[in-house]
Amino acid sequence: MAKQIKYIVLLTMSIFLISCEDVVEVNLETAEPRLVIDAALKWEKGTAGNYQEIRISQSRGFYDESPSMVSGATVQVSNSENTIFEFIDTNANGVYTTNDFQPQLNEVYTLLVEVNGRTFEATEQLMPVATIDSIQQRNDGGFSGEDIELKAFYKDPVETENYNLFTFDVDFIAFPEFEIYDDEFNNGNTNFAFYTEEDLEVGNSVEIINHGISKSYYNYLVILLNQVGSSGGPFQTQPAVVRGNINDVDNPDDYIFGYFSLSEIDRVNFTVNE
């Protein structure tokens, strides 16, 4: 009889605990929103590179589902000859575009943004990139020996220091995976970028992009990716502040998020085969 009573009590407690399960939203402390300037200009090999866009938004709270875009800004990029390229927010949605940009490898460009009574500036160089020569697929990778692994090979130029940002993008993952490389120990050699994903299957398409980036942008990404991990994008929320190269002209200590970068890129779309 005692055992029966014990089982009844345990069953009653289990039903009670299950029936009382509620979703609780934690009241998180919200920081003051900060400006976010996503100014990554990319010139794909074989294209004119005249169309470019810059996005301006504000940082958002943990439970906010959509970004808070910022319109009404003045956005310009100029080269060393003081040729000015105006970026216009045509749709008033915080996406500023131009169809007149003139990309030139190794040229130095300056970003100027005026918004909400503040002025921001950044200077960066448009870096060249090596062509992706080939993709090698392996079907017995990972700890299980059953994962698909990809290697994207490229020949590093011997005459200069080179820094590369590779992105690997598949349609069933929200954000591409980011991998960064330098040529400190591989200068002039054939190198490769590595990608594996346990859910990758035969027939999946993987977009692989190699970006030429500056040393300063590489150092920025080293810190950022160590904090947030290689997957999730370089402008997601991070546990500690990593300052980019975009500065408030009048108050340099009042930082914002984002980075002004210029890259020549090489793109390959690879379909996973058997």
Side-chain angles (χ1 to χ4, degrees), residues 34-45 47-59 69-129 160-165 167 180 182 209-224 233-235 241-266:
R34 290 191 180 274
L35 204 65
V36 181
I37 300 179
D38 182 359
L41 307 188
K42 304 172 184 178
W43 178 21
E44 184 169 357
K45 286 179 179 289
T47 69
N50 57 296
Y51 176 81
Q52 300 290 339
E53 63 181 42
I54 292 171
R55 296 172 178 266
I56 303 179
S57 61
Q58 282 190 321
S59 58
M69 304 302 290
V70 176
S71 58
T74 298
V75 181
Q76 298 177 344
V77 173
S78 59
N79 61 20
S80 61
E81 297 179 351
N82 204 32
T83 302
I84 296 175
F85 310 102
E86 299 278 356
F87 286 68
I88 307 299
D89 186 6
T90 305
N91 298 314
N93 61 355
V95 181
Y96 299 77
T97 64
T98 183
N99 283 300
D100 301 320
F101 188 66
Q102 298 172 14
Q104 182 179 338
L105 295 180
N106 299 307
E107 173 67 289
V108 175
Y109 294 86
T110 298
L111 170 70
L112 178 67
V113 176
E114 295 178 350
V115 57
N116 298 331
R118 302 171 67 187
T119 301
F120 301 92
E121 254 187 5
T123 300
E124 186 61 296
Q125 188 174 16
L126 199 166
M127 305 304 296
V129 74
T160 57
E161 285 185 350
N162 299 105
Y163 301 88
N164 297 84
L165 163 65
T167 58
I180 52 176
D182 64 34
I209 303 179
N210 185 13
H211 307 67
I213 61 175
S214 66
K215 183 177 182 179
S216 57
Y217 190 32
Y218 172 85
N219 290 333
Y220 169 82
L221 290 174
V222 166
I223 300 171
L224 193 58
F235 299 109
V241 174
V242 183
R243 296 191 62 167
N245 63 344
I246 306 174
N247 297 310
D248 187 320
V249 172
D250 298 316
N251 187 5
D253 292 330
D254 192 3
Y255 66 90
I256 65 168
F257 296 127
Y259 205 98
F260 176 49
S261 66
L262 300 104
S263 301
E264 183 184 32
I265 68 171
D266 190 45

Task: Note, Met127 side chain near Ile213 side chain (heavy atom, < 4.5 Å) - done: no
Open item on the list: One pair to check against side chain to side chain contact (heavy atoms under 4.5 Å, CB included): Leu224 and Tyr259. What are the steps and the verdict?
Closed with: CA-CA 12 Å; Leu224 193 58; Tyr259 205 98; over 6 Å; no
Open item on the list: Asn99: which residues meet the side-chain contact (heavy atoms from CB on, under 4.5 Å) condition with it, sequence neighbours left out?
Closed with: Asn50, Tyr51
Task: Gln52: partners by side-chain contact (heavy atoms from CB on, under 4.5 Å), with sequence neighbours left out - done: Leu41, Phe87, Thr98, Phe101
Open item on the list: Quick check on Lys215: does its NZ atom have over 12 non-hydrogen neighbours (other residues, nucleotides or ligands) under 6.0 Å away?
Closed with: no
Open item on the list: Within this structure, what is the OG1-CG distance for the pair Thr123 and Leu112, rounded to the nearest 0.5 Å?
Closed with: 10.0 Å
Task: Atom pair CZ (Arg243) and CD1 (Ile256), whose distance is rounded to the nearest 0.5 Å - done: 9.5 Å
Task: Side-chain heavy-atom pair Glu44, Ile209 within 4.5 angstrom cut-off - done: no
Open item on the list: Within the structure provided, determine whether Asn245 and Ser216 are in side-chain contact (heavy-atom separation under 4.5 Å).
Closed with: no
Open item on the list: Between Leu105 and Trp43, is there a side-chain heavy-atom distance shorter than 4.5 Å?
Closed with: yes
Task: Spacing of OG belonging to Ser214 relative to CG belonging to Leu221, to within rounding of 0.5 Å - done: 9.0 Å
Task: Summary of salt bridge (Lys or Arg N to Asp or Glu O under 4.0 Å) pairs that have at least one residue in residues 107-125, sequence neighbours excluded - done: Arg118-Asp248, Arg118-Asp254
Task: Listed partners of Asn106 passing side-chain contact (heavy atoms from CB on, under 4.5 Å), at least two apart - done: Gln125, Pro128
Task: Check: Glu53 and Arg55 side chains under 4.5 Å, non-hydrogen atoms - done: yes
TODO: List for me each residue that meets side-chain contact (heavy atoms from CB on, under 4.5 Å) alongside Asp182, sequence neighbours excluded, and say none if there are none.
DONE: Tyr163, Glu184, Tyr218
- [ ] State the CD-CD distance between Glu81 and Gln102, to the nearest 0.5 angstrom.
- [x] 9.0 Å
TODO: Take Phe260 and Ile37 through the side chain to side chain contact (heavy atoms under 4.5 Å, CB included) test and state the conclusion after the steps.
DONE: CA-CA 8 Å; Phe260 176 49; Ile37 300 179; over 6 Å; no
Open item on the list: How long is the straight-line distance from OG of Ser263 back to OH of Tyr217, given to the nearest 0.5 Å?
Closed with: 7.0 Å
Open item on the list: Is the shortest side-chain heavy-atom distance between Leu111 and Ile54 below 4.5 Å?
Closed with: yes
TODO: Working to the nearest 0.5 Å, report the span between CD1 of Ile56 and CG of Asn116.
DONE: 9.5 Å
Task: Flag, side chain of Ser59 to backbone of Arg34, donor-acceptor distance under 3.5 Å - done: yes
Task: Considering all heavy atoms, the nearest Gly258-Ile246 contact - done: C-CD1, 4.0 Å
Open item on the list: Ignoring hydrogens, what is the shortest heavy-atom contact between Tyr109 and Phe85? Give both atom names and the distance.
Closed with: CE2-CE1, 4.2 Å
Ignoring hydrogens and angles, write down the donor-acceptor pairs under 3.5 Å from the side chains of residues 69-78, residues two or more places apart or on other chains.
unit_1	atom_1	unit_2	atom_2	d
Gln76	NE2	Glu86	OE2	2.8

Task: Exam field: side chain Lys45 to backbone Val129, donor-acceptor pair closer than 3.5 Å - done: yes
